[in-house]
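Taking it in order: structure first as structure tokens, then the write-up.
Keep in mind that this is a model prediction, so the values were computed, not measured. FYI, side chains are in, hydrogens and waters are out, and symmetry mates aren't considered; it's all heavy atoms of this structure.
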Amino acid sequence: AAIAVLVTTLLSVGEAHAADDPIECKGTNLLVEMQKKEPARYDAIVAEAKETPNGKGAFWKIEKTGVEPSWLLGTMHISDPRVLQMPDGAKEAFAKADTVIVESDEITDEKKAAASLLARPELTMFLDGKSMTDLLSPQDVAKLESGLKERGIPLDAVVKMKPWILSSFVALPACEFARKARGASFLDMKLAKDAVSEGKQLVGLETLLEQITAMSDLPLSFHVQSLIQMLELGDRMDDVMATMIDLYVEGEIGMIMPMMKSIDPKHDDLGKDGYAAFEQRLINDRNHVMANNAAPHLEHGNVFMAVGALHLPGKVGVIELLRAKGFTLTTVH
């Protein structure tokens, strides 16, 4: 999602809104209706979430003897006002921190970030004469064109882009693109820019090139199938995003992935191997990088660390990895 916002900035697309025109997002919480009409399906999501270590809470305190406490915030890479509000105590912790850690400090300069994306064009673009429309049926091409049009993006402008970038475009609600056209920053970007403006030390755990490489390491067929499934969901993607935001605000991080798998009726088409590769390369591998690179700074204390919320829970989540390095982490209610 973050990369999609950056690419959107590069393309200068999106329909601007008047300053006093509120931008409202569509979508309703899918779990509310599911709990009433399909209680067994809902209970299965809850049960899977309960089995996920550290699945409750988006804001955590990090402690180690002899240093001031640090703080860990799980984020969503969007500009929704409820997400930007942050959990109770997070703003105070950020204000006090000497060091701010984010996934990539390159997001503070969108032009440099865009240049980083273009540094290895083979990771983001088809350079062999192919285009995305060559890999889709006419029906899916029409769905893709319609989905992009809703976000102010002409298909011709992005037809040479790899499917994982197009998936991020389709996954982001149109309201996010409208907010970006107005100049809004997603949460991680806002925290990074605020850190720089307030004279705090800003640390990036990864480079954008490393993040791009992780995406491109997955098979092309996986990305194509993922894009097709998003297109088939259509307007329900707005509901999926609305549900994710509700779960995030409620601190039910461990329910997000089970919900997403349950909502997609054809998720099995990707196969267990495809999902395992996705989880390993884009989540677990990067969790180790984040924990290893953050630990030296956490040793000094008084750090505010913000990474995507899905990196927090799980047996190999950032929380467990930091505990293994001798830190004590407790959720902040």
For [Y], is there an ion pair with [X] - N to carboxylate O distance below 4.0 angstrom?
X      : Y      : answer
Lys143 : Glu232 : no
Asp80  : Arg82  : yes
Lys261 : Glu48  : yes
Asp194 : Lys200 : no
Glu320 : Lys315 : no

message: Can you tell me if Asp134 has over 12 outside heavy atoms packed within less than 6.0 Å of its CG?
response: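 More than 12 heavy atoms, drawn from other residues, nucleotides or ligands, come within 6.0 Å of this atom.
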query: Is the number of heavy atoms from other residues, nucleotides or ligands within 6.0 Å of NZ (Lys64) greater than 12?
result: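 Enclosed: over 12 neighbouring heavy atoms sit under 6.0 Å from NZ of Lys64.
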To the closest 0.5 Å, what do you measure between [atom1] ([X]) and [atom2] ([Y])?
X      : Y      : atom1 : atom2 : value
Ser104 : Glu206 : OG    : CD    : 7.5 Å
Glu122 : Lys162 : CD    : NZ    : 7.5 Å
Trp60  : Trp71  : CH2   : CH2   : 13.0 Å
Leu247 : Met257 : CG    : CE    : 12.5 Å
Asp188 : Thr108 : CG    : OG1   : 12.5 Å
Arg323 : Ile62  : CZ    : CD1   : 10.5 Å

- request: Run the numbers on Gln85 and Val249 for side-chain contact (heavy atoms from CB on, under 4.5 Å), then give the verdict.
  value: CA-CA 9 Å; Gln85 183 67 26; Val249 172; over 6 Å; no
Candidate pair Glu198 and Phe94, rule side-chain contact (heavy atoms from CB on, under 4.5 Å), full reasoning: CA-CA 11 Å; Glu198 295 174 19; Phe94 179 87; 3.9 Å; yes
- prompt: Would Glu33 and Lys36 satisfy salt bridge (charged side-chain N to carboxylate O under 4.0 Å, His left out), going step by step from the backbone distance to the final call?
  reply: CA-CA 5 Å; Glu33 182 178 4; Lys36 296 177 180 178; over 6 Å; no
Less than 4.5 Å apart, any side-chain heavy atom of [X] and any of [Y]?
X      : Y      : result
Leu321 : His288 : yes
Phe327 : Glu299 : yes
Leu312 : Leu72  : yes
Met305 : Leu205 : yes
Arg179 : Cys25  : yes
Asp239 : Asp235 : no
Leu135 : Leu220 : yes

- prompt: Is it true that Val203 and Met189 fall in one hydrophobic cluster, defined by side-chain heavy atoms closer than 4.5 Å?
  reply: no
query: Under 4.5 Å between side-chain heavy atoms, hopping through other hydrophobics if needed: is there a path connecting Leu322 to Phe59?
result: no
Side chain to side chain donor-acceptor pair (under 3.5 Å) evaluation trace for Thr328 with Glu63: CA-CA 5 Å; Thr328 299; Glu63 298 176 283; 5.9 Å; no
- request: For the residue pair Phe186 and His77, categorise the inter-ring angle as parallel (less than 30°), tilted (30 to 60°) or perpendicular (more than 60°).
  value: perpendicular
- prompt: Can you tell which of Lys180, Glu176, Lys190 makes a side-chain hydrogen bond (donor to acceptor under 3.5 Å, both in side chains) with Ser79?
  reply: Glu176
message: With salt bridge (charged side-chain N to carboxylate O under 4.0 Å, His left out) as the criterion, how do Arg286 and Glu103 come out once you've worked through the C-alpha distance, each side chain's angles and the decisive distance to 0.1 Å?
response: CA-CA 10 Å; Arg286 295 176 60 216; Glu103 291 183 24; 3.1 Å; yes
query: Do Gln35 and Leu31 pass the side-chain contact (heavy atoms from CB on, under 4.5 Å) test, and can you show the C-alpha distance, the side-chain angles, and the key distance before you say yes or no?
result: CA-CA 6 Å; Gln35 189 174 11; Leu31 295 179; 6.0 Å; no
- request: I would like to know whether Met132 and Val224 meet side-chain contact (heavy atoms from CB on, under 4.5 Å); could you show each step before the answer?
  value: CA-CA 9 Å; Met132 193 61 237; Val224 172; 4.2 Å; yes
